[in-house]
Participant: 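Just dropping this structure here.
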2 protein chains.
Amino acid sequence: MTETDQTTQPRRSGLTPGAPAPLYQQLSDLLRERIKSGIYGPLDRLPSEHELAREHSISRITARQALGELERNGLVFRLQGRGSFVARPTVVQGLAQLTGFAEAMSAQGLEAVSRVLRLGPTRAATDVAERLRVPPGTPLFEIRRVRLVNDSPVSFDHSYFPADLGRRLAREDLVRRDVFWLLENVCGVRLGAADHQIGAVAAEEDIALQLGVPAGAPLLLIDRLSYDVTGMPIDYEHLYVRSDRVRYGLRLERPR
Amino acid sequence: MTETDQTTQPRRSGLTPGAPAPLYQQLSDLLRERIKSGIYGPLDRLPSEHELAREHSISRITARQALGELERNGLVFRLQGRGSFVARPTVVQGLAQLTGFAEAMSAQGLEAVSRVLRLGPTRAATDVAERLRVPPGTPLFEIRRVRLVNDSPVSFDHSYFPADLGRRLAREDLVRRDVFWLLENVCGVRLGAADHQIGAVAAEEDIALQLGVPAGAPLLLIDRLSYDVTGMPIDYEHLYVRSDRVRYGLRLERPR
DNA sequence: TAGTGGTCTAGACCACTGT
DNA sequence: CAGTGGTCTAGACCACTAT
């Protein structure tokens with residue numbers, strides 16, 4: 001039995017055991033809050049794992065798990081034998097994460113919409129087939145869109161999906177919704193990761209026209225292959241991005 | 001000596017308790033090996049945490065820690081109530097990691113060298129000062145290099161360092177050694193992460209000349225600000241990359 | 001119901017850091 | 001030396017999945 005009776009419950013200093021969020025997450029949220037609000041400033045030493053455990057009446061391992069979370073997010077660094085410290089604030093907090101376009105824009109308070117240029121079945125060319133790991137000629141579903149922020153074009157997307165997924169997507173609101181969002185919330189796909197290959201190219205005429213730049217203007221070309229959690233390829237895209245309008249930011253961690 | 005003693009020691013099936021590497025790492029290495037060699041194939045279920053614990057005479061938490069490692073590296077995915085499974089192999093295994101240029105090239109069996117164009121003290125212009133978080137006009141150290149692979153140019157790097165670090169670097173072998181490598185192994189810096197902003201630009205004449213491309217050719221422009229583990233800015237760089245010669249690849253994870 | 005991963009506890013020993 | 005984080009144990013209950 002666990003402490004079924006209430007009166008003897010030790011204080012948790014705000015952490016509640018039965019809550020929807022696990023204890024280690026509650027603690028890491030609490031600490032994150034205190035760091036962001038300046039209660040713990042840059043380079044300050046945080047309470048030790050033992051202290052956190054005592055103070056919140058949790059086990060040391062749980063406190064440790066909370067600190068581990070913050071360390072992975074780059075808010076905290078730990079030195080053996082010395083303690084855990086608040087990292088100096090950096091431009092982009094947190095690891096590089098896979099996000100959809102509208103998702104990333106709305107996180108910055110901007111609204112993104114799409115103009116759908118083409119949407120329908122196609123067959124896998126050899127390069128696409130190779131990336132999606134299907135035989136050449138396999139029926140696929142293709143979507144071509146121009147992404148707009150504040151009514152002005154920022155990128156041209158050419159996406160390929162497995163035929164069934166594509167047909168499902170075609171029925172949804174591709175103008176306002178992220179494909180990633182639709183995949184996860186409508187199609188029941190559990191997205192895992194995506195491999196990117198990034199380069200720079202001169203704009204071809206048709207794409208230049210869609211993006212409102214002169215032919216030959218430099219564009220960011222991102223080849224993105226997304227997988228679900230099992231590693232199954234789900235979505236292969238070419239993104240041509242006007243980098244004068246959008247900056248691609250990411251944070252890489254040095255392996256420990 | 002392995003098998004230090006002995007009679008009362010429970011079997012560890014190859015895992016040695018006193019070894020330099022911790023048990024959870026030994027186990028995760030062992031599993032990684034079995035996945036790579038195909039003993040556990042794509043989508044196979046791995047032994048449960050309990051089984052691994054029993055089999056190797058370790059605690060369940062330690063087995064769990066090993067699986068967590070593999071999950072973060074994208075080799076394994078876990079489903080509550082079902083088990084842990086081998087992910088399908090993907091192009092780039094592992095999270096996006098911060099690596100130096102030579103480091104990344106040599107991982108692919110290529111040799112990278114640098115031609116140093118300029119190396120010496122300078123003062124922080126406003127944009128550089130802002131990124132490195134020093135007052136404008138602060139003395140810095142500047143290095144301009146062309147990176148070569150197989151004797152042909154692939155990128156032009158313009159780097160700024162704190163003055164003392166830069167002077168230290170200037171005495172070292174910048175032709176063959178990565179700056180990251182020197183920072184870590186000679187200067188005693190513990191690198192943490194780096195923020196990148198990626199765009200595409202048309203090559204200016206002087207850079208075009210150095211890279212052997214026509215003026216106006218599209219180049220990848222990477223603005224990279226590297227920090228040490230404490231979050232202190234260490235190195236601010238502009239990288240102009242011939243993306244016809246090098247592809248920037250990275251893997252982003254969907255947040256859990 | 002049985003088995004899985006997710007969370008949590010209350011200890012323990014170690015290596016490393018400061019004094 | 002005392003305090004810190006790093007590793008490890010032997011349990012426990014929970015939520016979820018399959019049968």
Side-chain angles (χ1 to χ4, degrees), chain A residues 1-5 8-12 15-29 31 44-72 76-87 188 190 229-230 256, chain B residues 4 8-12 15-29 31 44-72 76-87 188 190 229-230 256:
Chain A
M1 321 296 85
T2 53
E3 285 292 334
T4 24
D5 97 57
T8 59
Q9 283 279 1
R11 336 206 171 306
R12 299 263 177 183
L15 304 194
T16 60
L23 284 175
Y24 74 88
Q25 206 175 91
Q26 294 180 49
L27 177 55
S28 89
D29 287 346
L31 292 174
D44 279 357
R45 228 201 72 193
L46 291 172
S48 75
E49 297 175 352
H50 279 107
E51 282 169 347
L52 286 172
R54 250 200 322 276
E55 188 183 348
H56 299 97
S57 301
I58 58 179
S59 79
R60 186 189 151 209
I61 287 202
T62 303
R64 183 173 168 70
Q65 201 171 350
L67 288 172
E69 193 107 323
L70 297 175
E71 185 184 34
R72 273 195 299 282
V76 160
F77 60 98
R78 301 195 268 188
L79 300 176
Q80 180 163 152
R82 297 194 47 198
S84 302
F85 300 84
V86 178
R190 298 182 54 179
V229 286
T230 77
R256 294 169 264 264
Chain B
T4 19
T8 59
Q9 283 278 4
R11 323 201 183 313
R12 300 260 178 184
L15 303 194
T16 60
L23 284 176
Y24 74 88
Q25 204 176 92
Q26 294 181 48
L27 177 54
S28 89
D29 286 348
L31 292 174
D44 281 356
R45 229 202 70 191
L46 292 172
S48 75
E49 298 175 351
H50 280 107
E51 283 169 348
L52 287 172
R54 250 201 321 279
E55 189 183 346
H56 299 98
S57 302
I58 58 179
S59 78
R60 186 190 150 210
I61 287 202
T62 303
R64 183 172 170 70
Q65 201 172 352
L67 287 172
E69 192 108 322
L70 296 175
E71 185 184 34
R72 274 194 299 282
V76 159
F77 60 100
R78 301 197 266 188
L79 300 176
Q80 179 162 153
R82 298 193 47 198
S84 303
F85 300 84
V86 178
R190 298 181 55 180
V229 285
T230 78
R256 293 169 266 263

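Keep in mind that this is a model prediction, so the values were computed, not measured.
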Participant: If you look at every heavy atom in Ser84(A) and Val76(A), which pair is closest and at what distance?
Facilitator: CB-CG1, 4.3 Å
Participant: Does OP1 or OP2 of dT4(D) have a side-chain N or O of Arg45(A) closer than 4.0 Å?
Facilitator: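 For dT4(D), OP1 or OP2 has a side-chain N or O of Arg45(A) closer than 4.0 Å.
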Participant: Taking only the side-chain nitrogens and oxygens of Ser48(A), find out if one of them lies under 4.0 Å from OP1 or OP2 of dT4(D).
Facilitator: yes
Participant: Could you tell me how far apart Ile61(B) (CD1) and dA12(C) (P) are, to the nearest whole angstrom?
Facilitator: 16 Å
Participant: Atom CG of Leu79(A) to atom P of dT4(D): distance rounded to whole Å?
Facilitator: 14 Å
Participant: To the nearest angstrom, how far is Arg78(A) atom CZ from dC16(C) atom P?
Facilitator: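 That distance rounds to 17 Å.
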Participant: Go through it in stages, so that I can follow the logic: the residues are Thr230(B) and Phe85(A), the test is side-chain contact (heavy atoms from CB on, under 4.5 Å), and I'd like the CA-CA distance, side-chain angles, deciding distance and then a yes or no.
Facilitator: CA-CA 8 Å; Thr230(B) 78; Phe85(A) 300 84; over 6 Å; no
Participant: Calculate the interatomic distance between Leu27(A) atom CG and dT9(C) atom C1'; express it in whole Å.
Facilitator: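 One finds 15 Å between C1' of dT9(C) and CG of Leu27(A), rounded.
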Participant: Is any side-chain nitrogen or oxygen of Thr62(B) closer than 4.0 Å to OP1 or OP2 of dT9(D)?
Facilitator: yes
Participant: Is there side-chain contact between Leu27(A) and Leu31(A), with heavy atoms separated by less than 4.5 Å?
Facilitator: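 The answer is yes, as the side chains (C-beta and beyond) meet within the 4.5 Å cut-off.
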Participant: Looking only at side-chain atoms of Arg60(A), point me to the closest of dT9(D), dT7(C), dC13(C).
Facilitator: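 Minimum distance to the Arg60(A) side chain belongs to dC13(C).
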Participant: For dA18(D), does either OP1 or OP2 sit under 4.0 Å from a side-chain N or O belonging to Arg82(B)?
Facilitator: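 Result: yes.
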Participant: Run the salt-bridge test on Arg78(B) and Glu49(B) with the 4.0 Å N-O cut-off and return the result as yes or no.
Facilitator: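 Here Arg78(B) pairs with Glu49(B) in a salt bridge, since their nearest N and O are under 4.0 Å apart.
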Participant: Look at the side chain of Leu23(B) and decide which nucleotide, out of dT7(C), dC8(D), dT17(D), has an atom nearest to it.
Facilitator: dC8(D)
Participant: What nucleotide, of dG6(C), dT7(C), dA10(C), holds the atom closest to the side chain of Gln80(B)?
Facilitator: dG6(C)
Participant: So, is Ser84(A) near the phosphate of dT4(D), with a side-chain N or O under 4.0 Å from OP1 or OP2?
Facilitator: no
Participant: Phe85(B) has an atom CZ; how far is it from atom P of dT17(D), in whole Å?
Facilitator: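 Rounded to whole Å, this separation is 12 Å.
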Participant: Evaluate side-chain contact (heavy atoms from CB on, under 4.5 Å) for Arg72(A) paired with Arg72(B), printing each intermediate quantity in order.
Facilitator: CA-CA 11 Å; Arg72(A) 273 195 299 282; Arg72(B) 274 194 299 282; 3.9 Å; yes
Participant: Between P on dC8(D) and CD on Glu49(B), what's the gap in Å once rounded to a whole number?
Facilitator: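 After rounding, the reported distance stands at 16 Å.
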Participant: Would you please confirm or rule out a distance under 4.0 Å between OP1 or OP2 of dC8(C) and any side-chain N or O of Tyr24(A)?
Facilitator: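 Answer is no, no contact under 4.0 Å.
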Participant: Could you say whether Gly81(B) or Gln65(A) is positioned toward the 5' end of DNA chain C, judged by the nucleotide with the nearest heavy atom to each?
Facilitator: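 Result: Gly81(B).
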Participant: May I have the distance from Leu52(A) (atom CG) to dT4(D) (atom P), rounded to whole angstrom?
Facilitator: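 In whole Å, dT4(D) P and Leu52(A) CG are 11 Å from each other.
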Participant: Please check the phosphate of dG5(D) (OP1 and OP2 only) for any side-chain N or O of Arg64(A) closer than 4.0 Å.
Facilitator: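 Looking at the OP1 and OP2 atoms of dG5(D), neither is under 4.0 Å from any side-chain N or O of Arg64(A).
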Participant: Taking atom C1' of dT7(D) as reference, at what distance in whole Å does atom CD1 of Ile58(B) sit?
Facilitator: 12 Å
